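For reference, the structure discussed in these notes is given below.
Model, not experiment: these values are computed from the prediction. Indexing begins at 1, ligand by ligand and atom by atom, following the structure's order.
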Amino acid sequence: MEIVDLGNCEREPIHLLGGVQAFGCLFAFSNDWLLAHVSDNCERFARQAPDDLLGTPAANIFSRDSLHDMRSRLQWIQYSDGGERMFGVDVFGDGRSFDVALHKSEDLIIIEVELTHHAHRLDAMSVVRSMMSRLGTDIRFSAFLEQAARQVRFVTDFDRVMVYRFLPDGSGEVVAESRSPQVDSFLGLRYPSYDIPPQARQLYLRNQFRIIADVDGEVSRLEPPLRYDGRPIDLSLSVLRSVSEIHLEYLRNMGVKASLSISIIVDGKLWGLFACHHYAPKLIGFDRRTAAELFSQMFSREVAKREQDEMLTVEARARALHDRVMASVSVEGSVFDNLKDYLEAFMEVVSCDGVAILVDEDYASLGLAASPEDVKSLRKLLNRSAASRVFSSNRLSTLMGESDFTLRIPGVLAIPVSRRPRDYLLFFRGEVVQSVTWAGKPEKAIEYGPNGARLTPRKSFEAWKEELTGQSEHWTRSDLRITEVLRTTLLEVILRSVDANDRLQQ
Ligand code: BLA
């Protein structure tokens with residue numbers, strides 16, 4: 001049987017493609033500032049062909065002042081993983097004005113230049129300041145995201161700006177949008193995780209801004225293509241990096257001619273992207289791109305703050321419950337007796353359809369309830385999972401098979417109360433049939449070419465509806481945080497109950 005390996009998406013070496021988008025020029029210098037590589041479009045910039053430039057000192061290529069600036073910027077780079085930027089510089093000493101990005105790639109000094117966009121220059125500082133002030137902090141989250149999309153459209157002038165948010169399974173959804181009236185709405189559409197492969201997500205944490213000025217645009221190759229040690233040049237931090245052909249095909253299939261994407265990073269993780277589309281080639285100046293990137297960084301902090309505030313509110317509620325329970329725990333009561341009176345209170349702090357307590361053979365429940373037999377089979381599953389860990393699932397049938405029980409109660413969150421045989425406080429959630437609209441049927445398109453089978457971007461993005469059944473709402477980070485607080489409550493109740501000694505011995 002032929003084994004088809006479809007890892008081509010994951011393996012695409014997007015940082016080693018050896019080219020830049022032709023609107024800018026890349027110079028790579030050795031440590032002693034001799035030109036080691038240059039993109040083959042250099043004549044338009046430095047007015048000399050690659051062969052004339054390679055091996056020459058930077059002082060023969062750049063103006064004295066600009067080289068002086070570059071050298072001093074280089075000192076800062078060692079303190080960060082990013083790069084430095086300079087705007088409106090007369091790089092070649094001939095009166096033309098360029099914007100410059102500077103970073104290190106291993107032992108190479110990389111200088112990227114592009115012509116300054118004079119037509120729509122902007123003062124990035126004041127623009128970002130007013131963008132932030134327009135965001136508004138006391139509005140609902142959805143309105144806040146929409147306002148952010150509007151601000152990014154304001155500064156980039158792209159046809160469609162989306163806030164694309166990653167979901168726990170790696171797929172993503174357009175959660176906010178601002179668009180020109182001429183283009184369709186993508187709001188609410190879902191995209192599968194392999195549309196943005198893992199190495200791309202990894203890279204987007206380090207390099208937070210990507211521009212594809214023209215999906216059919218020219219690519220300028222680096223000359224020579226390989227480093228002195230025979231390896232390709234790592235272009236991870238480049239701002240002009242040419243983009244994977246697979247992804248260009250994806251955008252062409254969508255009908256998009258230019259794209260921008262800006263990372264939204266919350267708590268060190270890629271939370272989402274501002275994804276921007278334009279239906280004609282579009283290059284916006286480096287100053288505008290920088291303003292949009294800076295805005296995204298400040299916006300990311302605001303998202304983190306909102307998530308943190310929500311967590312604090314949730315924790316405060318759980319702590320209040322803790323205090324209430326602890327104030328009235330009876331030292332004469334058993335663990336079961338002490339907990340069963342609080343089922344209603346537990347249900348108030350965790351959003352759920354039912355709650356139950358299972359201690360030895362004693363079982364009490366409130367709201368949506370599992371039968372004692374179902375709960376015992378659930379306990380078998382729970383006892384097999386890691387001790388003292390909170391267990392959660394929003395699709396129990398994947399672990400226990402389909403049954404009346406797992407279809408009726410697909411969502412379970414279980415907090416272990418003791419060690420062996422384990423007792424549990426259980427939260428249940430009923431089924432929620434979710435209708436998901438995918439942008440195109442998310443099936444993997446396999447194509448057979450000279451190198452065997454490979455995954456290709458899908459050709460149709462026509463909305464495709466899927467009804468997701470047999471699952472409950474996801475348990476969120478705040479749900480899990482509350483259960484952490486409740487675990488401490490449970491531990492203290494156990495310590496104070498009459499059967500404490502028995503339980504601790506187990
Ligand atoms: C990269 N895929 C990307 C990027 C986005 C998406 C935003 C970042 C690059 C950019 O700025 O355009 C996907 N774009 C989307 C999504 C929306 C959007 C989901 O606008 C929703 C609105 N893609 C595939 C398949 C493969 C693939 C099957 O569909 C692999 C075979 C690969 N996507 C792929 C690769 C990159 C990518 C390799 C990296 C491109 C690069 O940075 O060089």
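- Atom numbering of ligand 1 starts at 1 in the shown order; those under 4.0 Å from a heavy atom of Arg241 are 41 (C), 42 (O), 43 (O).
- Within the 4.0 Å heavy-atom criterion, the part of Ile246 lying near ligand 1 is the side chain and not the backbone.
- Under the side chain to side chain donor-acceptor pair (under 3.5 Å) rule, Glu293 has a single partner from Arg85, Gln208, Arg288, which is Arg85.
- Counting protein heavy atoms only, atom 34 (C) of ligand 1 is closest to Pro197 CD, 3.3 Å.
- Remark: distances from the non-hydrogen atoms of Gly172 to ligand 1 are all 4.0 Å or more.
- Between Leu203 and ligand 1 there is no heavy-atom distance shorter than 4.0 Å.
- Residue contacts with ligand 1 for Val256 are absent, since no atom lies close enough (heavy atoms, distance under 4.0 Å).
- Residue contacts with ligand 1, taken as heavy atom pairs separated by less than 4.0 Å, do not involve Leu17 at all.
- When heavy-atom distances to ligand 1 are checked against a 4.0 Å cut-off, Ser244 comes that close through both its backbone and its side chain.
- Under 4.0 Å from ligand 1, not a single heavy atom of Ala439 appears.
- A cation-pi geometry, defined here as NZ or CZ lying under 6.0 Å from the six-membered ring centre and within 45° of its normal, does not hold between Arg179 and Phe158.
- Under 4.0 angstrom from ligand 1, the non-hydrogen atoms of Val243 come from both its backbone and its side chain.
- Although no hydrogens or angles enter the test, the distance criterion places a donor-acceptor pair under 3.5 Å between the side chain of Glu177 and the main chain of Phe186.
- For the residue pair Ser142 / Arg140, a side-chain donor-acceptor distance below 3.5 Å is found, with atom types taken as modelled.
- In this structure, Phe92 has its ring center no closer than 6.0 Å to that of Phe45.
- For Ser66 (side chain) and Val91 (main-chain N/O), a donor-acceptor pair under 3.5 Å exists by modelled atom type.
- At distances below 3.5 Å, not a single donor-acceptor pair connects side-chain atoms of Asn253 with backbone N or O atoms of Tyr250.
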